[in-house]
Amino acid sequence: MIFNTFTKIIRLTPFGRGAVASTLLYGPDALEILQRHWTGQKLRVADQPLFGRFRLETIEQDEEIVVHISNRNEIEIHSHGGEMVVSAIESTLIQDGACSVSWQEFFCPNETQRELALRFLPFAPTERTAQILLDQYNGALDREYTEIETLKDEFIKQKRFDRLNENAKVGKHLVNPFRVVLAGASNAGKSSLFNAILGFQRSIVNVIAGTTRDVVSYQTALDGFPVTFYDTAGFRETQHELEQQGIERSRQSMNDADLLVWVIDLTVPENEQPNLPATENITENILFCFNKIDLIDSITLATWEKQTVAKNKLIVSATTGQGLETLLEHIIRRLIPNPPKPLEAVPLESDLNCSEQLFYR
Ligand SMILES: Nc1nc2c(ncn2[C@@H]2O[C@H](COP(=O)(O)OP(=O)(O)OP(=O)(O)O)[C@@H](O)[C@H]2O)c(=O)[nH]1
Ligand SMILES: [Mg+2]
């Protein structure tokens, strides 16, 4: 084995299954390293692809590959796209001292906002998030900084910075969805509400209390922004160990939530309702959602409507869908009170997780 930190292996195709995978071997010893595992056409710099076999030392098998050598330092290796084959090629090359780096590290070592936007763009789950990323790629943030620098009025300057901070919260969720957690007492109708929001029966609904035992999630989009909803186990006193574990998971999900929707069955008397558990995160990011309004008469409903005019209280029926649209409007307004306008600057962070993103239109 040689020690060679200058030769790098870069996966050019995404992780996961595919018909063909492309890996770049880049560095001063690229050709020499490849030669050790190669049988086939003579390796040389050529416009044409070269055909041969690569000895996968780590699993003691051969893989048919095609290589393209544009210069001695830069070799593209095209193999079957299965994860096992690509990993075996990588580990064989790593045994020879090459080091694996991500394409982001390789192509954009010190990313500017523009480069970040370009990196995230393929993972934008909606047209709206793609448009915001395109605006950043086209220099929205650089323009904003340049303009702010020229401002004389400190007050206006501060206002522009405040707006950037506000937009930075949105910037965190252009690829990674906001987390909205539905929690509350057993049988309050959390799973019914979750299904009604998503428009299909993702969660099991049952009249028996304690139906949901685990956290069930689903990603969708609200107003063009990615949101993952979480349905959780209901809170109640229980001796059942599995249910207790489920309740503990509910608590953890609440801690991680960007917004908590606390679901309440309004036909259950107040003194029988569980207390809202103390969580680290939830202080103001909460909506109280009184469910099952279809079960009350119109006079009682009118009283409820008056009682819930406060901005964090809502009434709905998961069964009939009444109040659902208003609930969704409130959720998105709480997550993004003042969404970025076209061409506005939205700061991006480099640590967004782009893997396994779903796509919505
Ligand atoms: N009439 C009426 N019934 C509802 C409504 N929402 C839920 N239910 C019923 O209430 C019962 C419990 O509903 P679920 O959605 O399973 O309640 P949950 O909060 O998920 O319950 P757990 O998972 O056990 O914590 C079921 O029989 C539902 O059909 C509603 O808006 N109106
Ligand atoms: Mg449930």
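For ligands, and for the atoms within them, numbers begin at 1 and follow the listed sequence. No experiment lies behind these values; they were computed from the predicted model shown.
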Taking 4.0 angstrom as the limit and counting only heavy atoms of [X], give me the atoms of ligand 1 inside it, by number and element.
X      : value
Gly234 : 25 (O)
Ala209 : 24 (O)
Gly210 : 24 (O)

Report yes or no: do Glu63 and Ser79 form a side-chain donor-acceptor pair below 3.5 Å?
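There is no such pair (donor and acceptor under 3.5 Å, judged by atom type) between the side chains of Glu63 and Ser79.
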Would you please say whether a donor-acceptor pair under 3.5 Å links the side chains of Thr126 and Thr129?
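Side-chain D/A pair, Thr126 to Thr129: present.
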Heavy-atom proximity to atom 6 (N) of ligand 1, best of Thr232, Asn291, Asp294
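Minimum heavy-atom distance to atom 6 (N) of ligand 1 goes to Asn291.
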Kindly identify the option in Asn206, Val205, Val263 whose heavy atom sits closest to atom 28 (C) of ligand 1.
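Shortest heavy-atom distance from atom 28 (C) of ligand 1: Val205.
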Give the residue and atom name of whichever protein heavy atom lies nearest to [atom], and the separation in Å to one decimal.
atom                    : value
atom 31 (O) of ligand 1 : Ala318 N, 2.9 Å
atom 27 (O) of ligand 1 : Val207 CA, 3.4 Å
atom 13 (O) of ligand 1 : Ser192 OG, 3.6 Å
atom 21 (O) of ligand 1 : Asn187 N, 3.0 Å
atom 19 (O) of ligand 1 : Lys190 NZ, 2.6 Å
atom 30 (C) of ligand 1 : Thr319 OG1, 2.9 Å
atom 8 (N) of ligand 1  : Lys292 CE, 3.7 Å

Pick from Leu31, Leu43, Ile33: which one makes a side-chain contact (heavy atoms from CB on, under 4.5 Å) with Trp38?
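The side-chain contact (heavy atoms from CB on, under 4.5 Å) with Trp38 is passed solely by Leu43 among Leu31, Leu43, Ile33.
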What distance do Ile315 atom CD1 and Gln307 atom CD have between them, rounded to the nearest 0.5 Å?
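One finds 9.5 Å between CD1 of Ile315 and CD of Gln307.
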Rounded distance [0.5 Å steps], SG in Cys99 versus CD1 in Ile9:
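Between Cys99 SG and Ile9 CD1, I get 7.0 Å after rounding to 0.5 Å.
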Within-4.5 Å side-chain heavy-atom neighbours: Phe54 and Val67:
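Counting from C-beta outward, Phe54 and Val67 never come under 4.5 Å.
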At the Mg ion (ligand 2), what angle lies between atom OG of Ser191 and atom OG1 of Thr212, rounded to 10 degrees?
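Rounding to the nearest 10 degrees gives 90°.
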Before signing off on this row, confirm whether [X] and ligand 1 have an N or O atom pair separated by under 3.5 Å.
X      : answer
Leu295 : no
Ala233 : no
Ala188 : yes

Do Leu193 and Ile204 belong to the same hydrophobic cluster, where Ile, Leu, Val, Met, Phe, Trp and Tyr are linked whenever their side-chain heavy atoms lie under 4.5 Å apart, directly or via other members?
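No, it is not one cluster - the side chains of Leu193 and Ile204 are not joined through contacts under 4.5 Å.
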Is it true that Val346 and Leu343 fall in one hydrophobic cluster, defined by side-chain heavy atoms closer than 4.5 Å?
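No.
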Determine, for Tyr137 and Arg114, whether the Lys NZ or Arg CZ falls below 6.0 Å from the six-membered ring centre while staying within 45 degrees of the axis.
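Yes, cation above the ring, under 6.0 Å and within 45°.
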Take the angle between the ring planes of Phe200 and Tyr218 and call it parallel below 30°, perpendicular above 60°, tilted in between.
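Correct class here is perpendicular.
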